[in-house]
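Presented below is the structure to which this report refers.
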Amino acid sequence: MDLSLPNPSWSKDMRLLFDQFMKKSEDGSWKHLPSYKNKFSRRIEDIKVFFPDAKLIKEKISQAQLFPRNFEEGLGFEYAMFHNHAEDRTVCIFQGGPYLQGAPGFLHGGAIATMIDSTLGMTALIAGGIVMTANLNINFKRPIPLCSVVVINSQVDKVEGRKLFLSCNIRSVDEQTLYSEATSLFVKLDPEKSLT
Ligand SMILES: CCCCCCCCCCCC(=O)SCCNC(=O)CCNC(=O)[C@H](O)C(C)(C)COP(=O)(O)OP(=O)(O)OC[C@H]1O[C@@H](n2cnc3c(N)ncnc32)[C@H](O)[C@@H]1OP(=O)(O)O
């Protein structure tokens, strides 16, 4: 089941943004990216190539769930991503639920980092194939209120061989507040090199 579609826990802002991007997707310039809890895909098969410890994969993979997708509806990460191919950028609309609290009333820094890593990761995956995060630098400029809706804008800045350099920022829906900004390095996995 695609968990990036509207559900009753979404606020008015979240639905409004989703509808705006779905409208933008009508001419094909933007594409809604579906998101599943544990849908096996070809990519999982690809990734197994890099993890020779198949026993671990075989035993555990059936329980595996995408981390941000394993909270009950509305309590954790509610988000949807849209990709603009021409501009090589991805937008993630994100509503962080009450189970993601850090400081009272605000999102935990690790929850913010999760959505940054996921959005940058998706952007890098589309641009470079099977990648992993090598480096992630985040500046937390303003605390993000719990249960508020924010917009993550992520883009590829430079590609050098297997290295993809990306950046993103997190802004309020009205774009007036800059909450966080991040830079990152993702590395495209080399089938000749085992990771473990
Ligand atoms: C919600 C939807 C989600 C679904 C969609 C999500 C998409 C997937 C995104 C996953 C995001 C994650 O969470 S991944 C989980 C967190 N990340 C990890 O666990 C990765 C652990 N690290 C590794 O496995 C490894 O270090 C790699 C794969 C990153 C790199 O290893 P490698 O392939 O052997 O490459 P290596 O030769 O070491 O390095 C290649 C080049 O990159 C440079 N390089 C490597 N690491 C660094 C570094 N930290 N800082 C600077 N430069 C670096 C090297 O200097 C070299 O440059 P030069 O000499 O060539 O110039």
Side-chain angles (χ1 to χ4, degrees), residues 1-5 7 10 14 17-18 21 30-53 56-57 60-61 64-71 73 75-85 88-97 99-100 107-138 149-168 170 180 182-196:
M1 176 184 140
D2 182 356
L3 294 171
S4 69
L5 297 173
N7 68 54
W10 283 23
M14 194 66 179
L17 278 169
F18 182 83
F21 274 98
W30 285 87
K31 185 168 177 286
H32 171 246
L33 302 175
S35 167
Y36 305 100
K37 198 186 265 273
N38 57 3
K39 179 172 181 253
F40 290 130
S41 73
R42 191 181 57 78
R43 287 190 187 282
I44 296 280
E45 294 312 312
D46 290 351
I47 293 178
K48 276 187 191 169
V49 168
F50 301 101
F51 294 95
D53 185 358
L56 174 78
I57 292 261
K60 292 292 174 202
I61 198 79
Q65 292 187 0
L66 187 65
F67 167 49
R69 286 299 183 197
N70 62 26
F71 289 75
E73 195 172 281
L75 298 178
F77 300 88
E78 290 298 338
Y79 63 93
M81 292 189 196
F82 296 85
H83 184 74
N84 182 313
H85 224 66
D88 226 354
R89 69 188 180 98
T90 306
V91 168
C92 175
I93 56 175
F94 166 44
Q95 175 184 299
Y99 281 13
L100 304 184
L107 280 189
H108 189 289
I112 298 168
T114 294
M115 284 322 295
I116 287 177
D117 189 33
S118 299
T119 308
L120 287 168
M122 184 57 87
T123 315
L125 186 82
I126 293 169
I130 303 293
V131 294
M132 286 191 100
T133 318
N135 180 280
L136 183 59
N137 302 295
I138 301 172
V149 178
V150 292
V151 181
I152 307 175
N153 258 294
S154 133
Q155 63 186 38
V156 176
D157 295 320
K158 185 174 62 170
V159 178
E160 281 173 7
R162 287 195 297 129
K163 297 189 291 188
L164 294 97
F165 298 87
L166 295 97
S167 58
C168 76
I170 304 184
S180 315
T183 56
S184 66
L185 167 65
F186 282 75
V187 175
K188 190 173 164 57
L189 299 190
D190 175 353
E192 305 302 313
K193 295 173 96 171
S194 108
L195 289 177
T196 47

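We count residues from 1, following the sequence as given. As a basis for the values below, the full set of heavy atoms in this structure was taken, side chains included, without hydrogen atoms, waters or symmetry mates. Both counts, for ligands and for their atoms, begin at 1 and track the order of listing.
Using modelled atom types and a 3.5 Å distance limit, the side chains of Thr123 and Ser154 yield a donor-acceptor pair. With no hydrogens or angles considered, no side-chain donor-acceptor pair links Trp10 and Gln95 at under 3.5 Å.
Protein non-hydrogen atoms do not reach within 4.0 Å of atom 54 (C) of ligand 1. Under the 4.0 Å distance rule, the nearest protein heavy atom to atom 59 (O) of ligand 1 falls outside the cut-off. Per-atom contact check: atom 26 (O) of ligand 1 does not touch the protein, criterion being a heavy-atom distance below 4.0 Å. Distances from atom 31 (O) of ligand 1 to the protein include no heavy-atom value under 4.0 Å. At a distance under 4.0 Å, a protein heavy atom can be found next to atom 11 (C) of ligand 1. Within the 4.0 angstrom cut-off, atom 22 (N) of ligand 1 has no protein heavy-atom neighbours. Note that atom 34 (O) of ligand 1 has protein non-hydrogen atoms nearby, at separations under 4.0 angstrom.
Ranked by closest heavy atom to atom 14 (S) of ligand 1, the top entry among Leu164, Thr133, Leu189, Val131 is Thr133. Evaluated by nearest non-hydrogen atom to atom 9 (C) of ligand 1, the leading choice among Gly128, Ser118, Gly129, Gly121 is Gly121. Closest to atom 4 (C) of ligand 1 by heavy atom, among Arg69, Lys188, Met122, is Met122. Of the options Glu160, Met81, Lys163, the smallest heavy-atom separation from atom 57 (O) of ligand 1 is shown by Lys163.
Below 30°, between 30° and 60°, or above 60°: for Phe21 and Phe82 the angle between ring planes is below 30°, a parallel geometry.
Looking at heavy atoms from C-beta onward, Leu100 lies in side-chain contact with Phe77 at the 4.5 angstrom threshold. Between Ser4 and Arg69 there is a side-chain heavy-atom pair separated by less than 4.5 Å. Between Phe165 and Val156 there is no side-chain heavy-atom pair separated by less than 4.5 Å. Taking 4.5 Å as the limit, some side-chain heavy atom of Leu33 sits within range of a side-chain heavy atom of Ile126.
Heavy atoms of Asp190 come nearer than 4.0 angstrom to ligand 1 in no pair at all.
Distance from atom 15 (C) of ligand 1 to its nearest protein heavy atom, with residue and atom name: Met132 CE, 4.0 Å. Among protein heavy atoms, atom 24 (O) of ligand 1 sits closest to Leu195 CD2, 3.6 Å. Protein heavy atom in closest approach to atom 29 (C) of ligand 1: Ala134 CB, 3.8 Å. Annotation: atom 51 (C) of ligand 1 to nearest protein heavy atom, Leu185 CD2, 3.6 Å. Scanning all protein heavy atoms for the shortest distance to atom 37 (O) of ligand 1 gives Lys193 NZ, 2.7 Å.
Scanning all heavy atoms of the two residues, the minimum distance from Val131 to Gly121 falls at CG2-O, 4.3 Å. Nearest heavy-atom pair across Ala113 and Ile138 is CB-CD1, 3.6 Å. Minimum interatomic distance between Leu164 and Ala124 (heavy atoms only, all atoms of both residues): CD2-O, 4.0 Å. When all heavy atoms of Met115 and Pro68 are compared, the closest pair comes out as SD-CB, 4.5 Å.
Here is the list of ligand 1 atoms found below 4.0 Å of a heavy atom in Asp117: 11 (C), 12 (C), 13 (O). The Leu66 neighbourhood of ligand 1 comprises atoms 1 (C), 2 (C), with distances under 4.0 Å to a heavy atom of that residue. In the vicinity of Tyr79, heavy-atom distances shorter than 4.0 Å reach the ligand 1 atoms 1 (C).
In this structure a side-chain-to-backbone donor-acceptor pair under 3.5 Å is present from His83 to Arg89.
Counting heavy atoms of neighbouring residues, nucleotides and ligands inside a 6.0 Å radius, atom NE2 of His32 exceeds 12 of them.
The one candidate from Thr119, Ile116, Asn153 that meets the side-chain contact (heavy atoms from CB on, under 4.5 Å) condition with Cys168 is Ile116.
Remark: ligand 1 and Val187 share no N or O pair separated by less than 3.5 Å (distance only, no angle test).
Residue Thr119 does not touch ligand 1, judged by heavy-atom distances below 4.0 Å. Residue contacts with ligand 1 for Arg162 involve side-chain atoms from C-beta outward but no N, CA, C or O (heavy atoms, distance under 4.0 Å).
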